[in-house]
Amino acid sequence: MNFVEELKWRGLLHDIIPGTEELLAKEKVKGYIGFDPTAESLHIGSMVQIILLMHLERHGHKPFALVGGATGMIGDPSGKAEERSMLSEEILQKNVNGVENQLRKFIDFDKGAELVNNYEWFKEFNLLSFLREVGKHISVSYMMAKDSVKKRLETGISFTEFSYQLIQGYDFYWLWKNKDVKLQLGGSDQWGNIVTGTELIRRIGGGEAYALTVPLVTKADGTKFGKTEQGNIWLDANLTSPYQFYQFWLNSSDEDAAKYIKIFTFLEKDIIERIIQEHLEQPHLRNLQKKVAEEITRLVHGEEELSGAQSATAVLFGQGTTEQLSQMNEHLFLQIFEGVTQFKFAASELENGLNILDLLAVNTQVFSSKGEARKMIQQQALSINKQKYIDPNGIIDSSALLNNKYLLLQKGKKQYFLLIAE
RNA sequence: GGGGAGAUAGCCAAGUGGCCAACGGCAACAGACUGUAAAUCUGUCCUCUUCGGAGUUCGAAGGUUCGAAUCCUUCUCUCCCCA
């Protein structure tokens with residue numbers, strides 16, 4: 001199976017420039033994907049692009065990862081309803097470093113693959129030269145016809161964002177000319193920018209370049225992929241703990257999980273088909289979700305963090321009872337709860353008993369206000385040490401502590417908090 | 001430069017002197033059901049609250065009025081048409 005066929009059955013092919021498949025069959029191709037340094041860490045949305053590069057490498061080609069030190073200063077209008085605020089150069093530099101370090105975890109840039117930053121070729125490029133060398137080749141009507149621009153004409157787009165496609169287009173040209181990169185990959189929202197690049201290569205360099213895009217990952221219910229009530233799911237373990245990361249995938253719907261296993265794992269076709277089939281027969285086992293969560297957590301965080309996330313999951317969502325929790329030794333206990341949101345409070349507060357609302361909203365920030373805490377308790381959304389707690393005027397004292405030190409709180413079924421009395 | 005339309009809670013959107021903390025929908029959170037799924041049903045959804053209430057909102061600032069999201073004035077911004 002070749003690269004393009006692989007992408008097809010995995011549901012990873014959206015658009016492709018004619019001739020791309022032939023080129024890939026004929027020679028070892030250098031292909032690149034750009035990553036925007038909009039934050040210090042990538043999130044799981046970018047994971048698709050990373051996996052795409054990994055597939056490219058597995059099929060014997062040479063992946064290039066471009067970090068947009070220059071493009072990040074401009075702001076891509078693609079898919080954005082309004083003008084973005086610009087990042088300071090200081091933050092940008094931090095983001096570039098963060099993103100580069102993450103990419104290194106997935107692709108070995110010492111063995112053929114390359115990591116580049118487009119700031120390298122833009123920092124010395126002055127405005128007049130750019131206008132003469134690049135701008136002259138692309139007409140305004142061509143640029144305005146792009147979806148990313150067209151959608152913004154009525155609501156407003158600055159000249160800065162308007163020119164974004166030329167900057168990105170030039171990246172492709174530069175890589176084509178200096179590094180022999182003939183292929184650009186990206187999300188489907190990047191199609192317009194990518195095509196501007198191939199156009200520049202044709203007009204300035206008289207050469208041919210190729211591209212393919214992957215579809216945007218969607219959820220069956222139409223809501224945005226990669227977001228939870230806590231916000232983005234990040235690849236950085238400090239921003240999203242491996243436990244939370246594992247839980248995110250485990251919570252996928254059946255329909256989504258069947259899609260994700262093809263996109264986010266490298267499992268073979270027949271294995272995936274078997275897992276999906278088994279899941280159809282015994283959906284309550286959730287083996288499909290477990291497999292997806294397992295594979296991608298291992299890829300992003302490694303074997304050790306994976307097993308930590310799995311043991312925490314087993315305790316929190318298994319048949320665990322209060323007794324089981326209190327019998328656990330402290331070392332294991334803390335290890336399991338490593339990825340769970342934690343709050344510390346003074347043990348002395350509990351000596352004479354503490355009002356439950358104060359504990360939840362004043363001494364800790366499990367809830368943002370006492371009013372909210374009260375409402376949640378009234379809705380029967382709170383559990384302490386795995387038992388429903390329904391009295392909004394209740395008093396908590398030291399006897400509730402596990403190991404004389406801990407309280408395990410649950411907001412709803414899925415959100416856990418560990419309170420530590422010190 | 002001339003003419004027109006508009007700005008309401010995270011988003012969409014109704015309201016055009018008191019019954020408005022503001023209809024409805026989406027998103028979100030929680031409960032029931034279940035499989036940590038989907039669908040469905042129920043509750044919450046400006047802030048705080050001793051759950052009785054209290055405080056601050058309808059682009060901004062003033063004004064009229066017993067009373068303004070609603071009327072008047074000025075300003076800011078967005079879109080459309082003409083030049």
Side-chain angles (χ1 to χ4, degrees), chain A residues 79-83 85 149-158 161 218-233 241-261 275-294 297 309-320 336 339-341 354-362 365-384 386-395 408-417:
Chain A
K80 302 289 185 309
E82 50 191 55
E83 191 84 6
S85 53
V149 175
K150 213 161 42 180
K151 279 187 186 145
R152 287 277 298 280
L153 284 179
E154 291 203 355
T155 52
I157 182 169
S158 67
E161 285 195 15
T218 54
K219 294 208 298 181
D221 62 8
T223 57
K224 207 169 183 302
F225 167 75
K227 293 258 188 183
T228 66
E229 59 278 12
Q230 281 95 19
N232 278 326
I233 303 294
S241 74
Y243 163 75
Q244 285 159 342
F245 187 87
Y246 181 83
Q247 280 286 321
F248 169 80
W249 298 99
L250 201 61
N251 273 298
S252 310
S253 71
D254 291 0
E255 210 173 327
D256 290 335
K259 197 161 65 185
Y260 296 164
I261 196 169
I275 294 171
I276 291 177
Q277 186 55 40
E278 283 170 6
H279 183 254
L280 282 175
E281 286 157 17
Q282 295 189 290
H284 60 280
L285 296 179
R286 303 177 66 79
N287 281 334
L288 179 57
Q289 280 90 341
K290 282 180 191 160
K291 194 66 186 169
V292 174
E294 177 192 327
T297 305
Q310 284 172 325
S311 357
T313 295
V315 171
L316 296 178
F317 294 95
Q319 303 306 312
I336 281 170
V340 173
T341 309
L354 183 61
N355 178 273
I356 182 73
L357 299 180
D358 284 317
L359 175 68
L360 296 174
V362 179
Q365 285 74 50
V366 175
F367 297 106
S368 58
S369 71
K370 290 206 263 182
E372 195 196 337
R374 176 187 292 273
K375 277 181 192 147
M376 283 296 167
I377 292 173
Q378 279 166 349
Q379 294 196 64
Q380 309 206 19
L382 181 78
S383 294
I384 298 182
K386 302 215 74 168
Q387 287 177 334
K388 278 264 188 265
Y389 195 90
I390 53 172
D391 180 9
N393 301 312
I395 304 290
L408 179 65
L409 298 203
Q410 255 171 296
K411 176 194 166 195
K413 224 182 298 189
K414 298 174 191 173
Q415 288 185 63
Y416 282 91
F417 302 87

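In what follows, chains carry the letters A, B, and so on, assigned in the order in which the sequence lines appear, proteins first and then strands, with residues in each chain numbered from 1. Computation of the quantities below employed the complete heavy-atom set of this structure, encompassing side-chain atoms and omitting hydrogens, waters and symmetry-equivalent molecules. This structure is a prediction, so every number in the text was calculated from the model and none was measured.
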With rounding to whole Å, what would you report as the distance between [N] and [M] at their [atom1] atoms?
N: B/G55; M: B/U64; atom1: P; answer: 23 Å
N: B/A27; M: B/G52; atom1: C1'; answer: 33 Å
N: B/C58; M: B/U70; atom1: P; answer: 8 Å
N: B/A22; M: B/C45; atom1: P; answer: 10 Å
N: B/U36; M: B/U49; atom1: P; answer: 34 Å
N: B/G31; M: B/G15; atom1: P; answer: 37 Å
N: B/A13; M: B/U8; atom1: P; answer: 9 Å
N: B/A39; M: B/G53; atom1: P; answer: 37 Å

Would you classify B/G52 as syn or anti? Syn applies when the glycosidic angle is within 90° of 0.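 Here B/G52 takes the syn form, which means its glycosidic angle is within 90° of 0.
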
More than 12 heavy atoms from other groups under 6.0 Å of CD on A/E255: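 For A/E255, atom CD is not crowded (no more than 12 foreign heavy atoms under 6.0 Å).
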
Looking only at heavy atoms, what is the nearest atom pair of [X] and [Y], with distance?
X: A/A309; Y: A/Y246; result: CB-CB, 3.7 Å
X: A/D254; Y: A/Q289; result: OD1-NE2, 3.0 Å
X: A/K386; Y: A/V315; result: NZ-O, 3.8 Å
X: A/L357; Y: A/A373; result: CD2-CB, 3.8 Å

Read 5' to 3' with Watson-Crick or G-U pairs under 3.5 Å, [ ] for crossing pairs and | for partners on another strand, RNA chain B gives ((((((((.[[[..)..(.....]]].(((((.......))))).(((....)))...[[[[[..)....]]]]]))))))).

inquiry  = Is it the case that the side chain of A/K411 and the backbone of A/V366 share a donor-acceptor pair, with hydrogens and angles ignored and the cut-off at 3.5 Å?
reply    = no

Strictly distance-based, threshold 3.5 Å: is any side-chain N or O of A/Y416 a donor or acceptor partner for the main-chain N or O of A/L316?
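A pair under 3.5 Å: yes.
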
Scoring nucleotides 41-53 of chain B by protein non-hydrogen atoms under 4.0 Å (B base, S sugar-phosphate only, - none) yields --B-S--SBSB--

Check: So, are A/E372 and A/K375 salt-bridged, with charged N and O less than 4.0 Å apart?
Finding: no

Calculate the interatomic distance between [X] atom [atom1] and [N] atom [atom2]; express it in whole Å.
X: A/N251; N: B/U34; atom1: CG; atom2: C1'; result: 14 Å
X: A/Q410; N: B/U36; atom1: CD; atom2: P; result: 12 Å
X: A/K413; N: B/A32; atom1: NZ; atom2: P; result: 7 Å
X: A/D256; N: B/G35; atom1: CG; atom2: C1'; result: 16 Å
X: A/R286; N: B/A38; atom1: CZ; atom2: C1'; result: 11 Å
X: A/Q380; N: B/C29; atom1: CD; atom2: C1'; result: 16 Å
X: A/D254; N: B/U36; atom1: CG; atom2: P; result: 12 Å
X: A/Q247; N: B/G35; atom1: CD; atom2: C1'; result: 14 Å

Candidates B/C29, B/G35, B/U36 - which lies nearest the side chain of A/H284:
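The closest nucleotide is B/G35.
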
*asked:* Both A/L285 and A/A381 contact RNA chain B. Taking the nearest nucleotide for each, which residue is further toward the 5' end?
replied: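 Taking each residue's closest nucleotide, the earlier one in sequence belongs to A/A381.
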
The residue, A/S252 or A/M376, whose nearest nucleotide of RNA chain B is more 5′ is A/M376

ask   = Closer than 4.0 Å, any side-chain N/O of A/K414 to the OP1 or OP2 of B/A37?
value = yes

| said: Looking only at side-chain N and O atoms, does A/Q244 offer a donor or acceptor that is under 3.5 Å from a partner on A/S241? | reply: yes

Margin query: Hydrogens and angles aside, do A/E281 and A/Q277 bring a side-chain donor and acceptor to less than 3.5 Å of each other?
Written below: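 Distance-only check passes for A/E281 and A/Q277.
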
Exactly one candidate in A/T341, A/L360, A/L408 meets side-chain contact (heavy atoms from CB on, under 4.5 Å) with A/F417; the answer is A/T341

Categorize A/E255 for me: base, sugar-phosphate, or nothing, with a 4.0 angstrom heavy-atom threshold over every strand shown. nothing

